[in-house]
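These notes concern the structure reproduced below.
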Amino acid sequence: MIVRIGEFQAAPGQAEALKSFLLSLSEYICASPGCLSYEVLCPLDEAGRLLVIERWESAEHHRASVQAYPKDKMQDAMSLFAAPPTGGYYALA
């Protein structure tokens with residue numbers, strides 16, 4: 001199992017819309033092969049920053065899920081981001 005932690009910064013005035021978009025991905029991601037869990041976290045001190053914690057059977061499963069997501073839907077969401085998302089894969093200690 002791997003943990004994927006993604007960090008997102010909302011464009012000015014788009015924090016709630018970005019949060020809604022990330023939450024809307026839950027059904028798609030949780031139905032993807034190899035997905036074990038998906039959570040969206042909002043830091044208490046930074047309204048425009050969001051974290052996504054995902055647990056997957058493997059990094060390959062995560063990558064396949066990202067590749068299969070409809071490109072037009074992702075393109076529609078790009079205006080919500082202040083910068084490209086960042087993230088990484090982690091193993092449990």
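- Once rounded to the nearest 0.5 Å, the distance linking OG of S37 with CE of M1 reads 7.5 Å.
- In plain terms, the two heavy atoms of L80 and A17 that are nearest each other are CD2-CB, 3.6 Å.
- Interatomic distance, C42 SG to L23 CG, rounded to the nearest 0.5 Å: 7.0 Å.
- Between F81 and F8, the angle of the ring planes lies from 30° to 60°, which puts this pair in the tilted group.
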Determine, stepwise, if the pair S58 / H61 fulfils side-chain hydrogen bond (donor to acceptor under 3.5 Å, both in side chains).
CA-CA 5 Å; S58 69; H61 281 101; 2.7 Å; yes
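- Considering CG of D76 and NZ of K71, their distance stands at 13.5 Å, rounded to 0.5 Å.
- Here the straight-line distance linking atom CD of Q14 with atom NZ of K19 works out to 14.5 Å at 0.5 Å rounding.
- The cluster map of Ile, Leu, Val, Met, Phe, Trp and Tyr, joined by side-chain heavy atoms under 4.5 Å apart, puts L36 and V3 in the same cluster.
- Residues I53 and L25 do not share a hydrophobic cluster, clusters being chains of Ile/Leu/Val/Met/Phe/Trp/Tyr side chains in contact below 4.5 Å.
- Of the possible donor and acceptor atoms, one in the side chain of S20 sits under 3.5 Å from a partner among the backbone N and O of E16.
- Looking at Y89, its side chain never comes within 3.5 Å of a backbone N or O of I2 through a donor-acceptor pair.
- One finds the CZ atom of R49 at 10.0 Å from the CG atom of L41 (value rounded to the nearest 0.5 Å).
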Could you go through the side-chain contact (heavy atoms from CB on, under 4.5 Å) check for F21 and V40 one step at a time?
CA-CA 10 Å; F21 171 70; V40 177; over 6 Å; no
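- Taking 4.5 Å as the limit, some side-chain heavy atom of S32 sits within range of a side-chain heavy atom of W56.
- Placement of L50 and M74 within a single hydrophobic cluster is found when ILVMFWY residues are connected by side-chain heavy-atom separations under 4.5 Å, directly or transitively.
- Nearest heavy atoms, S79 versus A11: O-CB, 3.6 Å.
- Here the closest non-hydrogen pair linking C35 and I29 is CB-O, 3.2 Å.
- Closest heavy-atom contact between A47 and A15: O-CB, 3.5 Å.
- Atom CD1 of I5 sits about 8.5 Å away from atom CZ of R55, to the nearest 0.5 Å.
- No donor-acceptor pair under 3.5 Å is formed between the side chain of Y38 and the backbone N or O of E27.
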